[in-house]
Amino acid sequence: MMLTDPSQKYRPFPQVDLPNRQWPSAVITSPPRWLSTDMRDGNQSLIDPMNAEKKRRFFDLLIRVGVKEIEVGFPSAGATEFDFISGLVRDGAIPDDVFPQVLTQAREDLIATTFESLRGAKQAIVHVYNAVSPAWRNIVFQMDRPQIKEIAINAAKLLRDNAAKQPNTDWHFEYSPETFSTAELDFSLECCEAVMEILQPTPERPLILNLPATVEAATPNIYADQIEWMCRNISKRDSVVISLHTHNDRGTGVAAAELGLMAGADRVEGCLFGNGERTGNCDLVTVALNMYTQGVNPGLDFSDIDEVIQTVEYCNQLPVHPRHPYAGELVFTAFSGSHQDAIKKGFAVQETRNDRIWDVPYLPIDPKDLGRDYEAVIRVNSQSGKGGVAWVLQQDKGLKLPKRMQADFSRVVQALADQTSRELNAADIWTAFEDHYRLSGDQPYKLIDYNESGHAGDRIFTGKIAHKGGERSISGRGNGLLSSVLAALREDLGVDLEIADYSEHAIGAGTDVAAAAYVECRTPDGRTIFGIGTDTDVATASVQAVLSAANSIS
Ligand SMILES: CC(=O)SCCNC(=O)CCNC(=O)[C@H](O)C(C)(C)COP(=O)(O)OP(=O)(O)OC[C@H]1O[C@@H](n2cnc3c(N)ncnc32)[C@H](O)[C@@H]1OP(=O)(O)O
Ligand SMILES: CC(C)C(=O)C(=O)O
């Protein structure tokens, strides 16, 4: 049972004393260094960790996306990990500009195994961690602060000494005071300084200090305060790379990473689509594309987001949520009428812009930039409106229905959607359109042939119409083609229609161009009837449109 007074069980997170914090005014104007930990933090949290084949697929994907620092595993975890990592090195699978990174606990035997897995590598980052916050000190390690600091110091010495034994590899180091975000800042700083004291980083060979929100326990502004505090207080700021490693326990892992960057960090660790322990790591795709939509090139390429999703889903055996930012199957789809209307209008305006600035309501990014097309942008169900239905016909058939006809047909679709209680796809909508405007199936009047004579202002229409299993010849006179067709219908077939509105447009371009014509007609008893015709010849399309209206009332 949830408590009526949760303060009896849970404590609020303390504020950081940073009165003149600068990060709220900062703007992200350039990308950070990215570290993918998909194959380590992501992998260790999977129900079935990746085998070598899946790890290799993930690695190759990360290379294609453009990630330059890849945590490929935890070599001391076992043979699968060790063999995969040493195999990458042996097979020469690591591009020259990519740094493989590996993680180890701060234990002598594990560190030795870790270095062994990378024997022969051109370059590598060895990442060591030990938890520093009170709960871990007291519960996991049962050690006091000096003892915990000693673990970090010994680990740093082991990094230095193991690296010296393999001088042909360009070694870099990362230290994580694990559980940083729930630790006392002064103690995290003390541990980091102690490690720096041993490893002696320089601006040319900096140490990566990774400051993880191992378990996210506060609002992201607190994490930003903690990062700014560390950036200000670390002794050799120019000799360290401040790295962020956020988790998503409160659902703000991405926000924390972004505010952490504003607070001065240089590097972001995370996983594609936010895989990782519990609620996941920071989602690199979202952080990168958030930057992209602010005009900042993130340096990661998601031009084929569907290929990225497919590979990640295969390797992780976990689905990407349909509402996942930028990537989910439904994130560029509007079902609701007012969204569809705005998107349709937005696309129309977008086509007329002289600059290339993207400004389509409800779409923060152009789906095409991620390799998605516009077809799925609008989908139709009972929540949809005329704009959405018109969009589907425009995308699928090239038809640009006049506004009042959109409303007319939308009522048909609405009734169908209510009746079926499901989404209507483009084929459903087209069938309903053909039925409603009598474009196929049982048509009382079907044009076989016609010709037009006379001169401007006095036209004669003569046509052959299939009617009730036979053929009828009809003719009529008017001041134009349409009025002569209407006269023929009235005089020879008894169908009395008046035209209230007419429009036409081209469908397609070049040699494949066709015409669509639309008529809005009134009957003597005041009803409004719409008709549509399409043909390679615009005059024929307009005759067909009148017959479509005539068929609707017959
Ligand atoms: C926040 C993170 O994601 S950290 C990364 C976590 N990832 C993993 O653990 C995946 C791979 N891990 C493994 O395969 C195994 O845990 C191994 C091989 C590393 C170690 O296995 P084991 O030797 O069986 O130890 P186990 O996993 O139970 O670790 C617990 C011991 O390590 C100690 N320990 C935990 N973290 C650290 C650390 N960073 N540095 C030093 N010691 C540590 C614990 O205090 C405990 O010690 P104790 O046995 O004296 O109480
Ligand atoms: C090892 C560290 C960086 C980690 O995974 C975490 O703190 O979440």
Side-chain angles (χ1 to χ4, degrees), residues 33 35 37 40-41 69 71 73-77 85 99-119 121 123-133 136-137 140-141 143-181 183-212 214 227 230-231 233-245 265-267 269:
R33 279 168 59 171
L35 176 281
T37 186
R40 197 281 295 171
D41 212 333
E69 296 172 59
E71 198 159 60
F74 198 123
S76 60
I85 293 159
F99 282 79
Q101 175 168 310
V102 288
L103 182 65
T104 173
Q105 287 184 355
R107 287 161 59 183
E108 186 169 1
D109 52 338
L110 305 188
I111 291 176
T113 306
T114 302
F115 274 88
E116 201 45 44
S117 72
L118 288 162
R119 183 168 290 282
Q123 70 246 344
I125 304 168
V126 180
H127 177 189
V128 70
Y129 70 98
N130 67 307
V132 295
S133 64
W136 274 256
R137 293 200 306 262
V140 182
F141 290 93
M143 288 180 181
D144 59 15
R145 280 187 178 204
Q147 289 170 306
I148 293 284
K149 188 166 94 177
E150 204 51 34
I151 294 178
I153 292 172
N154 284 335
K157 289 180 181 162
L158 288 164
L159 294 186
R160 182 194 61 197
D161 297 346
N162 276 278
K165 289 184 206 153
Q166 293 188 49
N168 293 333
T169 298
D170 178 19
W171 296 106
H172 295 256
F173 304 119
E174 171 167 334
Y175 171 64
S176 289
E178 191 202 346
T179 63
F180 160 83
S181 65
E184 308 88 336
L185 282 165
D186 67 319
F187 185 54
S188 296
L189 181 67
E190 205 179 314
C191 291
C192 289
E193 293 286 354
V195 169
M196 285 163 67
E197 188 60 33
I198 307 295
L199 294 175
Q200 291 293 314
T202 62
E204 294 71 40
R205 296 196 71 74
L207 168 69
I208 301 168
L209 284 179
N210 184 45
L211 306 177
T214 305
I227 299 298
M230 284 295 281
C231 288
N233 287 285
I234 198 87
S235 61
K236 295 205 256 168
R237 179 64 186 92
D238 62 351
S239 300
V240 293
V241 171
I242 298 291
S243 190
L244 308 173
H245 179 113
D266 310 296
R267 186 175 185 259
E269 303 196 351

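Every heavy atom of this structure was used, including side-chain atoms; hydrogens, water molecules and symmetry mates were not.
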Exercise for the section: List the steps, then state whether side-chain contact (heavy atoms from CB on, under 4.5 Å) holds for Gln147 with Phe141. Expected result: CA-CA 9 Å; Gln147 289 170 306; Phe141 290 93; over 6 Å; no
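- In this structure, Arg137 forms a cation-pi arrangement with Phe187, its terminal cationic atom sitting closer than 6.0 Å to the ring centre and no more than 45° off the ring axis.
- By the 30° and 60° cut-offs, the orientation of the rings of Phe99 relative to His172 is perpendicular.
- Closest heavy-atom contact between Leu35 and Gln101: CD2-OE1, 3.7 Å.
- To the nearest 0.5 angstrom, Asn168 atom CG is 13.0 Å from Gln123 atom CD.
- Taking every heavy atom of both residues into account, Ser181 and Thr214 meet most closely at OG-N, 4.2 Å.
- Counting heavy-atom neighbours within 6.0 Å of Glu197 CD, excluding the residue itself, gives a total of 12 or less.
- With values rounded to the nearest 0.5 angstrom, His127 atom NE2 is found 10.0 Å from Leu159 atom CG.
- Atoms CZ and CD1, on Arg267 and Ile242 in that order, are 11.0 Å from each other to the nearest 0.5 Å.
- Within 6.0 Å of CD in Glu108 there are 12 or fewer heavy atoms belonging to other residues, nucleotides or ligands.
- A distance of 6.5 Å separates CE in Met196 from OG in Ser239, rounded to the nearest 0.5 Å.
- Nearest heavy atom pair, residue Ser243 against residue Ile208, reads CB-CG2, 3.8 Å.
- The minimum heavy-atom distance between Glu71 and Thr37, with the atom names listed, is OE1-OG1, 2.7 Å.
- In terms of modelled atom types and a separation under 3.5 Å, the side chain of Trp171 and the main chain of Gln166 share a donor-acceptor contact.
- Looking at heavy atoms from C-beta onward, Thr113 lies out of side-chain contact with Arg107 at the 4.5 angstrom threshold.
- A distance of 13.5 Å separates NZ of Lys236 from SG of Cys192, quoted to the nearest 0.5 Å.
- When all heavy atoms of Ile125 and Phe173 are compared, the pair lying nearest together is CG2-C, 4.2 Å.
- In this structure Ser133 satisfies the side chain to side chain donor-acceptor pair (under 3.5 Å) test together with Thr179, sequence neighbours excluded.
- Residues Arg33 and Asp266 form no side-chain contact, since every pair of their non-hydrogen atoms from C-beta on lies 4.5 Å or further apart.
- In this structure a side-chain-to-backbone donor-acceptor pair under 3.5 Å is missing from Asn154 to Ala106.
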Exercise for the section: Given side-chain contact (heavy atoms from CB on, under 4.5 Å), test Ile227 with Phe180 step by step and report yes or no. Expected result: CA-CA 10 Å; Ile227 299 298; Phe180 160 83; 4.0 Å; yes
Problem - Glu150 and Met143: CA distance, side-chain angles, deciding distance, side-chain contact (heavy atoms from CB on, under 4.5 Å) verdict - result: CA-CA 10 Å; Glu150 204 51 34; Met143 288 180 181; over 6 Å; no
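- Contact record, Leu207 with Pro201: N-CB, 3.5 Å, taken as the closest heavy-atom pair.
- Here CD of Glu174 is found 9.0 Å from NE2 of His245. Values are rounded to the nearest 0.5 Å.
- Val128 places none of its side-chain heavy atoms less than 4.5 Å from the side chain of Thr114.
- Although no hydrogens or angles enter the test, the distance criterion places a donor-acceptor pair under 3.5 Å between the side chain of Thr169 and the main chain of Ala121.
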